[in-house]
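Data block below; observations after.
By convention in this document, chain letters (A, B, ...) are assigned in the order of the sequence lines, proteins followed by strands, and residues within each chain are numbered from 1.
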2 protein chains.
Amino acid sequence: MELRQLKYFLKAKELLNFTEAAAALYISQSTLSQQIKQLEDELQVPLFNRIGKRITLTEAGNLFALYAQQSVNKASDGLQFIKDLNNLETGKIAIGVTYALRHVVTKALILFSSEYPKIQFEIVFGTSQELIHKLNHFELDVILTFEEIASEAHFKYRELFTSPMALVTSSETSLIHKKSISLKEVSSLPLALPSSGFSTTLFINKAFEKDNLNPKVTIEINDIPTLLELIKTGKWHTILTKTTIENEKDLHAIPIKGQNMTRTAMLISLKEVYEKKAVKAFLNMLMENLK
Amino acid sequence: MELRQLKYFLKAKELLNFTEAAAALYISQSTLSQQIKQLEDELQVPLFNRIGKRITLTEAGNLFALYAQQSVNKASDGLQFIKDLNNLETGKIAIGVTYALRHVVTKALILFSSEYPKIQFEIVFGTSQELIHKLNHFELDVILTFEEIASEAHFKYRELFTSPMALVTSSETSLIHKKSISLKEVSSLPLALPSSGFSTTLFINKAFEKDNLNPKVTIEINDIPTLLELIKTGKWHTILTKTTIENEKDLHAIPIKGQNMTRTAMLISLKEVYEKKAVKAFLNMLMENLK
DNA sequence: TATAATCAATCGATAAAACCGATTTAGGAA
DNA sequence: TTCCTAAATCGGTTTTATCGATTGATTATA
């Protein structure tokens, strides 16, 4: 039993005339006869009565038609659904973002959703490690994060922009007039940093180590909004990429001096996994929006 | 898109391993690869990600699988349904009966229903002409009636039994002691007959004509139960086949003398129309029951 | 009533395609 | 590295879907 045969049968049922049905199907009458016969052989029951040159449906034919129609419909529904998927009329995008890049995503998200309102989103915030783990387990389509120390062969990397590492401080402190600040100066300030799992912390700790500096880290915290809350009190300072506090009114970012004190924001996805049409479109819009 | 391909795809989806799926489907891995590829080409989207030697489902694959599964299911449901039909676990039998033969049908009906309780029945009582009309319009599978004057080529006839024409009279009348009665005697009695559309009436009127007799028909009526009601009063007599009043307690049948005074009960069906399994089984049981 | 037209079935031939085995390619394991 | 394994690819074979022509039978019509 094949969909082809079911379609032939349904057309023959509709027209109750093999010759016309064959014409409507763009096949020869001979072919139609044979395919119907084959279907009947498989079901071991005639679907049509052959009364002289006329045909009528048998009971079996009439009842079987219901199932045949549904089978054909489901298949064509599936085809239609895939087409919708390609036209961005359905589908889901799962994005992982490190907190530092949340503004980049939200801006693109708002724009994209107004153009393709039917596309669903799942946004996952987390550390780079967490997100990469999810990416490897096919739970995410793409992640937005800063460059990794070691690049992996099965990932596809797309650079977005660079952002300097910066001392983040309350707008109220006396530091805000400085154009830039050295790592040594930073190390003497009371610091509250993201937990060691965060890539920014990993990155900056390496820099301190290299310069043999001992920063005064009094707080480690794994939630950035809470961290920013603390910084706003003026009692602590922290170190983040400048992008992270782009839209924060009460905070100020002072770039840190040094050659390697900039980081590159990247898109990371799996090289060999088919990239959904919707994801492609979203990423294009996101990158376009950065220019 | 063919059911074959959908089945292949679903098996591959289930095992996530082309080699194993091919083995489970009793086809070569090469064939499976090709058929999946063909399906993907038609949908214009990959269903599987090929990550090294592993495969995983794409979003499209995962969503399409729902439709594929339903399409396959509907087709196999159809097949199963037809099998049930052949096993008499479903289906409908439409029988036309002339009133005279109702006991024959009801007896078989009760017996058959206890063996095949899932089979539906539609019983249509009517005159031979009415029933034959319905038979020709495929509204009935088979009819039970007495032999027709003219047999038609596109009908299939099966004889059941013969039954004498009889004068039917109330059990109270003085006639009940007679073993038989002549047509001439009958013609002198007050008669209530079925309407002229009934084959029994057509039949007996021809016999009267042949013998140049003028029967005293005071009532014609097209409903047999009402007719019998009238006969029970003893005021009238009627002429029916003996079978007609088989189970009537208050009535008595006296066979009419003469060579052609018996009628043959028959099954009539359409020659070139497929006879349902259920109908076959029912008619077998009916005929078996007459022995 | 003969004749023509029509329709489904059948036949033989052809083109299409499903399928297989062998080979290639490449990832993953030892 | 080398071996093992899984999917893709290639070339050839078998199967089958398809066609055109014909047959057989029914219906319409002249």
Length of the line joining [X]:[atom1] and [N]:[atom2], which is rounded to integer Å:
{"X": "B:Arg54", "N": "D:dA6", "atom1": "CZ", "atom2": "C1'", "answer": "12 Å"}
{"X": "A:Ile55", "N": "D:dA25", "atom1": "CD1", "atom2": "C1'", "answer": "15 Å"}
{"X": "B:Phe18", "N": "C:dA26", "atom1": "CZ", "atom2": "P", "answer": "17 Å"}
{"X": "A:Gln29", "N": "D:dG20", "atom1": "CD", "atom2": "C1'", "answer": "11 Å"}
{"X": "A:Leu32", "N": "C:dT10", "atom1": "CG", "atom2": "C1'", "answer": "14 Å"}
{"X": "A:Asn49", "N": "C:dA9", "atom1": "CG", "atom2": "C1'", "answer": "16 Å"}
{"X": "B:Arg4", "N": "D:dT15", "atom1": "CZ", "atom2": "C1'", "answer": "11 Å"}
{"X": "B:Lys37", "N": "D:dA6", "atom1": "NZ", "atom2": "C1'", "answer": "17 Å"}

Is it the case that A:Arg102 places NZ or CZ above or below the six-membered ring of A:Phe125, under 6.0 angstrom from the centre and within 45 degrees of the axis?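 Output no; distance or angle outside limits.
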Under 3.5 Å, is there a donor on one side chain and an acceptor on the other for B:Gln69 and B:Asn73?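 B:Asn73 and B:Gln69 do have a side-chain donor-acceptor pair below 3.5 Å.
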Phosphate contact ([N] OP1 or OP2) by [X] side-chain N/O below 4.0 Å:
{"X": "B:Tyr8", "N": "C:dC19", "value": "yes"}
{"X": "B:Thr31", "N": "C:dC20", "value": "yes"}
{"X": "A:Ser28", "N": "D:dT18", "value": "no"}
{"X": "B:Asn17", "N": "D:dA7", "value": "yes"}

Under 4.0 angstrom, heavy atoms only, what part of the nucleic acid is A:Gln38 near: base, sugar-phosphate, or nothing?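 Here A:Gln38 touches the backbone only, sparing every base.
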Which part of the nucleic acid, if any, lies within contact of B:Phe48, taking any heavy atom under 4.0 Å across all strands shown: a base, the sugar-phosphate backbone alone, or nothing?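 The residue B:Phe48 makes no contact with any strand.
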Presence of salt bridge, B:Arg158 and B:Glu275, under 4.0 angstrom: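 Salt bridge between B:Glu275 and B:Arg158, a charged N being under 4.0 Å from a carboxylate O: yes.
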Decide, yes or no, whether a salt bridge links B:Glu42 with A:Lys83 under the criterion of side-chain N to carboxylate O below 4.0 Å. no
Counting distance alone, no hydrogens or angles: does the base of [N] have a donor or acceptor under 3.5 Å from a partner atom on the side chain of [X]?
{"X": "A:Gln34", "N": "D:dA17", "answer": "no"}
{"X": "B:Ser30", "N": "C:dG21", "answer": "yes"}
{"X": "B:Gln35", "N": "C:dA18", "answer": "no"}

Taking D:dC19, D:dA7, D:dA8 as options, the one with an atom nearest any side-chain atom of B:Arg50 is D:dA8
With A:Leu135, which of A:Val142, A:Asp141, A:Leu270 fulfils side-chain contact (heavy atoms from CB on, under 4.5 Å)?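 Going through A:Val142, A:Asp141, A:Leu270 one by one, the side-chain contact (heavy atoms from CB on, under 4.5 Å) with A:Leu135 is satisfied by A:Leu270 alone.
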